[in-house]
Amino acid sequence: MAEEARPGTGEQAKQHALTRLRQAITRGEMAPAQRLVENELAEQFGVTRASIRAALIDLASEGLVERIRNRGSRVRVVTVEEAVAITECRMVLEGLCAAKAAVEASDEQLAELADVGTAMTKAVADGEPVTYSELNQELHARIREFSGQQVAVELLERLNAQLVRHRFQLALRPGRPQQSLGEHLAMIEAIRVRDPRAAEAAARAHLTSVIDALRA
């Protein structure tokens, strides 16, 4: 049984380590600049050091890990200026997804977006910034999914993974949820009335606001 519980070696072990490490970083369980010690991670995940090393190389290519010559690896620190540059790229891709969703989404999916908007409004009214942040991520994820633009979805997932720390800090900034709520509701409404131009404009306006908040 113990052998079945362990992913073993080779590609399966590398993918196991890659998935676990990516989740830990994107969920904020590993802090920026935290050292990633191969021996410790191999023991933690039940794989070989070689599997950990291969996973770290992949994560470095995704911008989540920084490999320092003769010093090993650490969780990459994303500066404010880098976060702004990433968000500028997000602006284009999120705008595309919003426009596509306005055309491609089913009536049932449009109703789902409206339900998320209602829940976001309640979270702001109840003073629950963490819940609002989770709903914010859910809204963007659904719009990406409903767009059917898989290339943009994959690019955005990689970009968003690098912004986890900045997004969480923004969510907890006093007054930020109240400000962004209207921006999100405008996106939802434009998609619901199937106006792709308005949907793209609303998404771009929201990301412009995010950039202003990052620089504040």
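This one's a predicted model, so the numbers in the text were calculated from it and none came from an experiment.
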Checklist entry - Is atom CZ of R173 surrounded by more than 12 heavy atoms (other residues, nucleotides or ligands) closer than 6.0 Å? => result yes

Restricting to non-hydrogen atoms, name the atom on [X] and the atom on [Y] that form the minimum distance, rounded to 0.1 Å.
X    : Y    : result
A213 : L170 : CB-CD2, 3.7 Å
L21  : A55  : CD1-CB, 4.2 Å
T131 : A123 : CG2-CB, 4.1 Å
A152 : L96  : CB-CD2, 4.2 Å
E104 : S147 : CG-O, 3.8 Å
G127 : P129 : O-CD, 3.2 Å

Checklist entry - Checking side chain to side chain contact (heavy atoms under 4.5 Å, CB included) for the pair R35/S73: CA distance, chi angles, key distance, verdict? => result CA-CA 6 Å; R35 287 190 63 222; S73 302; over 6 Å; no

Are the side chain of [X] and the backbone N or O of [Y] linked by a donor-acceptor pair below 3.5 Å?
X    : Y    : value
R194 : A105 : yes
Q149 : V151 : yes
Q162 : E62  : yes
D195 : R197 : yes

Item to check | Stepwise side chain to side chain contact (heavy atoms under 4.5 Å, CB included) test for I52 and V47 | outcome: CA-CA 7 Å; I52 292 294; V47 298; 3.7 Å; yes

Is there side-chain contact between [X] and [Y], with heavy atoms separated by less than 4.5 Å?
X    : Y    : value
F146 : I191 : no
D58  : V65  : no
R74  : Q34  : no
I86  : N160 : no
K122 : V124 : no
R192 : M187 : no
E112 : E145 : no
R49  : L41  : no

Checklist entry - Distance only, no hydrogens: is a donor on one side chain within 3.5 Å (strictly under) of an acceptor on the other, for S51 and T48? => result yes

Rounded to the nearest 0.5 Å, how far apart are [atom1] of [X] and [atom2] of [Y]?
X    : Y    : atom1 : atom2 : answer
L214 : L207 : CG    : CG    : 9.5 Å
L64  : L36  : CG    : CG    : 10.5 Å
K14  : L18  : NZ    : CG    : 6.5 Å
I188 : L113 : CD1   : CG    : 6.0 Å
L139 : E134 : CG    : CD    : 14.0 Å
Q15  : E11  : CD    : CD    : 4.5 Å

With hydrophobic residues grouped by side-chain heavy-atom distances under 4.5 Å, do [X] and [Y] end up in a single group?
X    : Y    : value
Y132 : V210 : no
V116 : L185 : yes
L135 : L181 : yes
L155 : M91  : no
L156 : I143 : no

Checklist entry - Where does the angle between the aromatic ring planes of H16 and F45 fall among parallel (under 30°), tilted (30 to 60°) and perpendicular (over 60°)? => result perpendicular

Checklist outcome for this item: V103 meets the side-chain contact (heavy atoms from CB on, under 4.5 Å) criterion, sequence neighbours left out, with P196

Checklist entry - With sequence neighbours excluded, what pairs up with S209 under the side-chain contact (heavy atoms from CB on, under 4.5 Å) test? => result R176, Q179, E183

Checklist entry - Looking at E94 and R144, does any basic side-chain N land under 4.0 Å from a carboxylate oxygen? => result yes

Checklist entry - Is the shortest side-chain N to carboxylate O distance from D115 to R142 below 4.0 Å? => result no

Checklist entry - So H206 and H140, side chain to side chain contact (heavy atoms under 4.5 Å, CB included) or not? Walk me through it. => result CA-CA 11 Å; H206 168 55; H140 284 278; 3.5 Å; yes

Checklist entry - Which pairs with one or both residues in residues 77-87 pass side chain to side chain donor-acceptor pair (under 3.5 Å), sequence neighbours excluded? => result R76-E82, T79-E82

